[in-house]
2 protein chains.
Amino acid sequence: MDETSPPPSPAGPKPRSPRTPKGLRAVARAAGVSTATVSRAINRPEVVSEELRTRIAAVIEHLGWVPDGAARALVTRRSGTVGAVFPTLIQGDFARAANALQRELLGEGHTLLMACSDYDPELEFRQVRIFAERGVDGLILVGGTHHPDLVRLLERLALPVVNTFVFDPANPGRTVGPDNRRALFDLTSYLIGLGHRRFGVIAQSTRNNDRAAERLAGIRDALGAHGLATRPAHHAEGLSGIAEARALFRRIMAAEPRPTAILCGNAYLAVGAELEALAMGLAVPGDLSIVGYDDIEIMSELPVPITTVRVAGDEIGRRAARCLLARILGRPDADGHECPAEIVVRASSGPPPA
Amino acid sequence: MDETSPPPSPAGPKPRSPRTPKGLRAVARAAGVSTATVSRAINRPEVVSEELRTRIAAVIEHLGWVPDGAARALVTRRSGTVGAVFPTLIQGDFARAANALQRELLGEGHTLLMACSDYDPELEFRQVRIFAERGVDGLILVGGTHHPDLVRLLERLALPVVNTFVFDPANPGRTVGPDNRRALFDLTSYLIGLGHRRFGVIAQSTRNNDRAAERLAGIRDALGAHGLATRPAHHAEGLSGIAEARALFRRIMAAEPRPTAILCGNAYLAVGAELEALAMGLAVPGDLSIVGYDDIEIMSELPVPITTVRVAGDEIGRRAARCLLARILGRPDADGHECPAEIVVRASSGPPPA
DNA sequence: TTGTACGCGTTATCAG
DNA sequence: CTGATAACGCGTACAA
């Protein structure tokens, strides 16, 4: 039965159509219905008679047919995909957000295209461009500031975008995250309230990281409101390593007079600072208070649990997905988009030494 | 003589063409060339004359045209995407692997579709089905055992698949990862060599986790080779929490005679065990040796750095990508696919108490 | 409720 | 090296 299709004879025109049907047509033929009916049975089952529906389902199952997303996307102008570009997955709460994002998209029949920018705006732009070629229906980005080319591209494409891990009241519905600045304003104010006056800061690099920059601004604001500021020798910037934090911590503590409180830019920087403090024989919080940002399990399990700011990464992912899907599907978007940044007070913070 | 109807089209054809062209055709028209030439200028620049190439590039830039991946996929039968299903991103080395995977794919012009199965074979199957509909060119999975329906689906689709975080010499080129069984065989043998005879195990649940099961088997093998075995009261299974590990650790240590060494199924279980041991006032390794699996930074920074098995997650991601791309692109695949599992001896392991 | 026929935007195959 | 044109597989007005 494979003998049917004749080879293209030189004299003959084009081999018009007598080929064995595939895909949708094969299903339609096997079920004895038209392709339109099969299509409807899949996409709008309620409009096809019960009998046909089950018959078609049986044929699809039997043939093991899987609809062709490319063909479908071509005609519907919808790919059913959403692109997300994170700075990285191996630090911060981005993996958790990606996880939640993906799960939420699944419920609405969408799929996640995932990429990392490595904190490089140029790479972020390229990744988004690739996503655009793949026909994503929407985009999840991190932070509020992007490459100028990226901004132009997004305007041209008119693609729904949600910026995450930031919150900008001026941009309702396009940002989902905590108010980084206020979070560190509050945390710093809390320490000032305890009586601290000399602060050390082990910050994340603010290079291409507007969230980190905002948090630093929050610290400055709070200190400034009390006529305070950190000394240059008490300020250090690092990436996100425990070992790195230990080194930076030593450097800060070498500059007299020592600070009585250390603000750390992320969880691992705080863990490193505390481990080094304990290794140096310092009492926490007796000699020194240590606070961090982000809450990971180890922070509450160390010998001296660390005070920190908790922002639920999975909550950000979930809300961002819902917000984006609302825009894509043209639905109203009821969710609020500011995610709470909650100060979790633990044993590592207390009054300064007398 | 053209007035008569063309070939066998009885109904009046409606050549609705006076619409302004879009996409490729718009570019072609603006550049004064054919669509074929524009297409070639993009996909095989070397066969288009220098002059046309630059002219076309200018037009593309000016119009801000982005090729339509759906249309391209429809005709080439290639989507330029690869699907990956991880159990989760917020545990183990999966996020690191995803990160590396994505970067490696980027270099070859491919994009990553990412999903999580939550250790549920049924969900894994559904995710792969969705990927199939999206037209992925290949698939990255974790582990070697999958839902029967998934196995059948993969056979039918003839989709290249790489199973990661496992290594099976019998399946060359389809598995990329460590030999889990041998890794824990070696680690356990190392402890036996130190003189340990009574072992506790805080294992990861083996439910839908063949890697964890293999590792347990490795432990059993090594113990059995010396006529040893773990007592039921010294065996506990958990997921992956520090707090959980502490509780399990207490339970194990409550059963006399206490073990002199604890084998932990992953990094956080080991961290939890050690923190609890120190909190209980036990000397590590004086009273008790503790070893883990996977190497995360905190393990080497704790007061007593923890002996563990290091498997480079990013290496797995990178190699899996290369292996899969080789199959997709029909290239020879030179890489080896067993990733080394290296025992990193630190202070937490030593001879048993006398 | 079901079937027919067209078109989505691109690439491949030819013929020039 | 370039141009014309037929598919690619599906969704959907429109007709029946």
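So that the names make sense, note that chain A is the first sequence line, chain B the second, and so on, each numbered from 1. These values consider heavy atoms only, across backbone and side chains, with no hydrogens, waters or symmetry-generated copies. What you are looking at is a predicted structure, and each value in this text was computed from that prediction instead of being measured.
What separates CD of B/Glu51 from P of D/dC1 is a distance of 13 Å, to the nearest Å. Atom C1' of nucleotide C/dT10 and atom CG of B/Asn43 are separated by 9 Å, given to the nearest angstrom. Remark: P of D/dC1 and CD of B/Glu50 are 11 Å apart, rounded to the nearest angstrom. Protein atom CZ of A/Arg40 is 10 Å distant from nucleotide atom P of D/dT12, rounded to whole Å. Put simply, CZ on B/Arg29 is 14 Å from C1' on D/dA4, counting in whole angstrom units. Atom pair A/Arg25:CZ and C/dA5:C1' shows a separation of 10 Å (rounding to whole Å applied). With rounding to whole Å, A/Leu24 atom CG is found 17 Å from D/dA7 atom C1'. Atom P of nucleotide D/dT12 and atom CD1 of A/Ile42 are separated by 12 Å, given to the nearest angstrom.
Of the candidates C/dA12, D/dG3, C/dT10, D/dG3 carries the atom nearest the B/Val33 side chain, counting heavy atoms from C-beta on. Minimum atom distance to the side chain of B/Ser34 is reached by D/dG3, of the listed C/dG9, D/dG3, D/dG9. The side chain of A/Arg77 lies closest to C/dG9 when the candidates are D/dG3, D/dG9, C/dG9. For B/Thr37, whose side chain is taken as the heavy atoms from C-beta onward, the closest listed nucleotide among D/dT2, C/dG9, C/dT2 is D/dT2. Considering only the side chain of A/Arg72, D/dC10 comes nearest among D/dC10, C/dT11, D/dT2. Among the nucleotides C/dC8, C/dT10, D/dT2, the one closest to any side-chain atom of A/Leu74 is C/dC8. Distances were taken from every side-chain heavy atom of B/Val75 (C-beta onward) to each of D/dG9, C/dG9, D/dA4; the shortest belongs to C/dG9. Which of D/dG9, C/dG3, C/dT13 sits closest to the side chain of A/Lys22 comes down to D/dG9.
Not a single donor-acceptor contact under 3.5 angstrom links the side-chain atoms of A/Arg44 to the base of D/dG11.
For the residue pair B/Glu124/B/His146, the side-chain donor-acceptor check at 3.5 Å is satisfied. For the residue pair B/Asp210/B/Thr145, the side-chain donor-acceptor check at 3.5 Å is satisfied. A side-chain donor from one of A/Asn99 and B/Thr88 sits under 3.5 Å from a side-chain acceptor of the other.
In this structure, B/Arg152 and B/Asp149 have side chains that are in contact, with non-hydrogen atoms separated by less than 4.5 Å.
Taking 4.0 angstrom as the limit, A/Thr35 places none of its side-chain polar atoms (N or O) nearer than this to OP1 or OP2 of D/dC10.
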Test salt bridge (charged side-chain N to carboxylate O under 4.0 Å, His left out) applied to B/Glu108 and B/Arg331, step by step: CA-CA 13 Å; B/Glu108 298 283 359; B/Arg331 293 190 305 210; 3.4 Å; yes

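Residue A/Ser39 is in base contact, counting any heavy-atom pair closer than 4.0 Å across all strands shown.
Mapping B/Glu46 and B/Ala71 onto DNA chain D by nearest heavy atom places B/Glu46 at the nucleotide closer to the 5' end.
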